[in-house]
Amino acid sequence: AQSVAQPEDQVNVAEGNPLTVKCTYSVSGNPYLFWYVQYPNRGLQFLLKYITGDNLVKGSYGFEAEFNKSQTSFHLKKPSALVSDSALYFCAVRDWRYQAGTALIFGKGTTLSVSS
Amino acid sequence: DTEVTQTPKHLVMGMTNKKSLKCEQHMGHRAMYWYKQKAKKPPELMFVYSYEKLSINESVPSRFSPECPNSSLLNLHLHALQPEDSALYLCASSRADQETQYFGPGTRLLVL
């Protein structure tokens, strides 16, 4: 079965410190991986994706993620957290059951709280 | 322009009402999606349209009826909903040959 796991419900960091939001995956095909962020009462915003190529992917707002095939992980990172980064973060993987369109399987989400 | 718009932003309806949610994008995307999201939970895929044809229906109850009148528009018709259908309904779109989905702000639905 295909799945995405985000082991932490909440991550707390102080402003200026590095942050990591963890994600592990299990897929039947190639791992196409995504990170999205959701602010309160808003839709999801795309941050970055890994399809192929360099294991370190750079995305929007200074975020990056590292693809690790051996550990089946795709952790989201940022060198210096901002209070405005506080939001709900979702990791997602392409669902290979479907070929038409691109269905995604989302993790349960991790709430990031950055304190000033 | 990576904008997906959704109307209305909020909707309150009774269990006997009929209403529709609307989604629009002008990015030339040929795949469009409906998701349902409960508070602090991940989005749950409901329907996928690819080139204006329904390609995925995730066993959604028939009280939800999707429609894709053209490549830019996606509707979700609602009829005889239940209070447990109250949620944020998200629309998304993507290029048919690419995986990145772009989401609208959602319609927050309350069923009384």
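Both backbone and side-chain heavy atoms feed into the values below; hydrogens, waters and symmetry mates do not. The sequence lines fix the lettering, A, B, ..., with proteins before strands; numbering per chain opens at 1.
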Just wondering, more than 12 heavy atoms not from A:Asp54 lying within 6.0 Å of its CG? no
Going through the distances and angles, do B:Phe103 and A:Tyr36 end up as a ring-ring contact (aromatic ring centres under 6.0 Å, His included)? CA-CA 10 Å; B:Phe103 286 78; A:Tyr36 283 85; 5.4 Å; yes
Options B:Ala39, B:Pro43, B:Gly106, ranked by heavy-atom pairs under 4.5 Å with chain A, top entry: B:Pro43
Segment of B:Arg30 engaging chain A (4.5 angstrom heavy-atom cut-off): neither
Of the non-hydrogen atoms in A:Lys108 and B:Pro42, which two are nearest, and what is the gap between them? O-CD, 3.8 Å
In terms of hydrophobic clusters joined by side-chain contacts under 4.5 Å, are A:Leu48 and A:Leu104 together? no
One option among A:Ile105, A:Asn41, A:Asp95 has the most heavy-atom pairs under 4.5 Å with chain B, and it is A:Asn41
Can you tell me how far OH of B:Tyr102 sits from CG of A:Leu44, rounded to the nearest 0.5 angstrom? 13.5 Å
Check the hydrophobic clustering (I, L, V, M, F, W, Y; side-chain heavy atoms under 4.5 Å; chains of links allowed) and say if A:Tyr89 and A:Phe34 are grouped together. no
For residues A:Phe90 and A:Val93: do they belong to one hydrophobic cluster (side chain heavy atoms under 4.5 Å, members Ile, Leu, Val, Met, Phe, Trp, Tyr)? no
Within 6.0 angstrom of B:Lys41 NZ, more than 12 heavy atoms from elsewhere: no
According to a 4.5 Å side-chain heavy-atom criterion applied to Ile, Leu, Val, Met, Phe, Trp and Tyr, with indirect links allowed, do A:Tyr32 and A:Tyr25 form part of one hydrophobic cluster? no
So, the part of A:Gln38 with a heavy atom under 4.5 Å from chain B: the answer is side chain
Is it the side chain or the backbone of B:Gln37 that comes within 4.5 Å of chain A heavy atoms, both, or neither? side chain
Contacting moiety of B:Glu58, where chain A heavy atoms sit under 4.5 Å: side chain
Could you check whether atom NZ of A:Lys22 has more than 12 heavy atoms from other residues, nucleotides or ligands sitting under 6.0 Å from it? no
In terms of heavy-atom pairs under 4.5 Å with chain A, which of B:Thr100, B:Leu88, B:Leu90, B:Leu45 leads? B:Thr100
Would one find more than 12 heavy atoms of other residues, nucleotides or ligands at under 6.0 Å from atom OH of A:Tyr39? yes
Counting only heavy atoms closer than 4.5 Å, note whether B:Tyr51 contacts chain A via side chain, backbone, both or neither. neither
From B:Gln101 CD over to A:Arg94 CZ, what is the distance, rounded to the nearest 0.5 angstrom? 10.0 Å
